[in-house]
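So the structure is just underneath, and the comments pick up after that.
Convention: sequence-line order gives letters A, B, ...; per-chain numbering from 1.
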Amino acid sequence: MASFSTAQPLSLPRHPTFSNPNQPTANNDRSSHTISLIDRCSNLRQLKQIHAQMVRTGLFSDPYSASKLFAISALSHFASLDYACKVFDQIPQPNSFTWNTLIRAYASGPDPLRSISVFLDMVSDSRFGPNKYTFPFLIKAAAEVSSLSLGQSLHGMAVKSAVGCDVFVANSLIHCYFSCGDLDSACKVFTTIQEKDVVSWNSMITGFVQKGSPDKALELFKKMESEDVKASHVTMVGVLSACAKTRNLEFGRREDAKRLFDKMEERDNVTWTTMLDGYAILEDYEAAREVLNSMPKKDIVAWNALISAYEQNGKPNEALLVFHELQLQKNIKLNQITLVSTLSACAQVGALELGRWIHSYIKKHGIRLNFYVTSALIHMYSKCGDLEKAREVFSSVERRDVFVWSAMIGGLAMHGCGNEALDMFYKMQEANVKPNGVTFTNVFCACSHSGLVDEAELLFKEMESSYGIVPQEKHYACIVDVLGRSGYLEKAVKFIEAMPIPPSANDGAHVLLSNIYAKSGKWESVSELRKHMRVTGLKKEPGCSSIEIDGTIHEFLSGDNEHPMCEKVYGKLNEVMESLKANGYEPEMSQVLQIIDEEEMKEQSLNLHSEKLAICYGLISTEAPKAIRVIKNLGYSGNGKNHHQPMSARCVLPSSN
DNA sequence: GGCGGACTAC
């Protein structure tokens, strides 16, 4: 049995006599020997050795052998598109299989549309037309780029080429129509398939799950069972995720998911991770953790699922703990998704040191700053108080999408650079990037912090008419905030009363509304609203401030007695308050009007705001002139995920004395 | 001569 070693060159038959018609048996032997070697290659270096030998022995001019080498170079786990192209160019007369292989490689590569150019080359340069193998790859490319028109053209061509009824072609069309959002066409294709196979069903089930109709997915699954089609593990991934996503409709389905999972014959990392994610969606972190622990081979995707579940559900500290645990694992490489989720968790608690560590990790490992990573870095630096670093990241990238621009606008907004944020908003449009709902939230937030009332009102009017974005509740809340903060209380109340959408279960907006009623003396409205909040179970999210000292995050709630050093913290607070009063500080009593809750009233009068506690902890734990950065959890700026994002991050005070 | 489709995490 031939085997590879890194020390020894490969040994292949040496006689360059491939085309000698007198030795057919020897040639066939040589060819099949080489092909078996190709199949057992485990890295590019070995493959290149075989390639070299094949050229030397003349075996490369055999189209069949050459196509085998090419297929491995283009599709194996160590494939290299660059190298594969070179191999392809050396093949004198590529056959249909070879063309299809190249198209396939491009379709699942970073630039799927290149498979379309290869297809055009094939049609014009070779005698081969597309066949039933070609279309699924091309249609996959159309799905990757979500191009409905391309999908439709390919659909038409497939029908003309008489392969429209091929189940592989039809299944790829279902997938394509789903990813282009044309659900009707997907269903139409599905109904026309004569002999549906398990993949046809899977494409429909996962399509519905991904397009937000988990109920339809479960319905289809039942139909599939009634038609005696045996489910595969991919079916289960779709069904498990549908079960998790319908949690609000029927809690019992979670048990369905568990039963399904337990009786599954084939479990791979995807199924495990889906199960993990299902528990995480239900916020049953213990169960999610148990799934991770039971996984035979934990991969980075599973770790990411747990980290991002914590991060997205407002549990950034837990996310960071899991990340630290992940760092201790050997042989698991962090990827861009790990970094994005962790950076977002850093931003939520103000973990600047860890955020910096991740940034240097990115640089050290040459990880590409894609749009997600870039936005996450800008967001993290802004929230953690280092606006300059955020700007640096922003300037360092050549291409910026709407999220990158929005993150920078949001960063400027939370640092009070309203005019600059507006400039950025116009520059973004000069760069031909269309703003989205998140952009507007951040722009309004900038206006709010800088008192740019006219600008905000104008943009709010233009938002739908000129930009085609229907204002959401959070945008209305932003405008109320802009008006309220600038003292236009009557206007704010009128604005709220004229809102076309009712304020829904949004605690922040209720408090805001209540504050506005209170400021304008509408005490009756205040008590009505408070009753409404009590009845509907709404509570104001408690304000929480955090500060990072030597890489550890310390959190403070208002009136907090939990911190081990709280006595010293309160001592410092008294000292600061005395010193402030001695220097002529008088508390702004009109602010008390804003307070709607007795508890808060008490806290306010006793100076127990969480920010003050965090600042005082910073004062006793650091030496001047180190900056003290305090992060607050409440606010309206953000990425649209929720409204509990930290809003301000600033250098508050230099250490005193 | 042989090839292919559907699934998890930002």
Given Pro112(A), Cys85(A), Ser117(A), the one that forms side-chain contact (heavy atoms from CB on, under 4.5 Å) with Tyr106(A): Cys85(A)
Of the listed nucleotides dG4(B), dA9(B), dA6(B), the one nearest the side chain of Asp166(A): dG4(B)
Under 3.5 Å side-chain donor-acceptor pair for Asn293(A) and Arg289(A): yes
Spacing between Met275(A) atom CE and dT8(B) atom P, to the nearest angstrom: 16 Å
Nearest listed nucleotide, side chain of Thr273(A), among dA6(B), dA9(B), dT8(B): dT8(B)
Rounded interatomic separation in angstrom, taking CG from Asn100(A) and P from dC3(B): 12 Å
Which nucleotide in dG4(B), dC7(B), dG2(B) has an atom nearest any side-chain atom of Tyr133(A): dG4(B)
Of the listed nucleotides dC10(B), dT8(B), dG2(B), the one nearest the side chain of Val270(A): dT8(B)
Rounded distance (Å) that lies between atom C1' of dG1(B) and atom CG of Asp39(A): 14 Å
dT8(B) phosphate, OP1 or OP2, under 4.0 Å from Gln210(A) side-chain N/O: yes
Distance-only side-chain donor-acceptor flag, Thr235(A) / Ser232(A), under 3.5 Å: yes
Side chain of Tyr64(A) - closest among dA6(B), dG2(B), dA9(B): dG2(B)
Minimum-distance nucleotide (side-chain atoms of Asn131(A) versus dC3(B), dA9(B), dC7(B)): dC3(B)
Among dA9(B), dA6(B), dG4(B), the one nearest His175(A) by side-chain distance: dA6(B)
Met295(A) CE - dT8(B) C1' separation (whole Å): 9 Å
N or O in side chain of Lys140(A) less than 4.0 angstrom from dA6(B) OP1/OP2: yes
Whole-Å gap separating C1' (dT8(B)) and CG (Leu276(A)): 10 Å
Whole angstrom value for the distance that separates P of dT8(B) from NZ of Lys245(A): 8 Å
Ring-on-base stacking dG4(B) with Phe168(A) (under 5.5 Å, under 30°): yes
Candidate nucleotides dC10(B), dT8(B), dA6(B), ranked by approach to the side chain of Val237(A) - the nearest: dT8(B)
Whole-Å gap separating P (dG4(B)) and NZ (Lys132(A)): 12 Å
Gap between atoms CG and P, on Asn304(A) and dT8(B) respectively (whole Å): 14 Å
Side-chain H-bond candidate by donor/acceptor type, Ser406(A) with Thr439(A), under 3.5 Å: yes
Nearest-nucleotide pick for Val340(A), side chain only, options being dA6(B), dC10(B), dC3(B): dC10(B)
Pair Thr246(A), Asp215(A): side-chain N/O donor-acceptor within cut-off below 3.5 Å: no
Closest listed nucleotide, where the reference is the side chain of Ile337(A) and the choices are dG2(B), dC10(B), dA6(B): dC10(B)
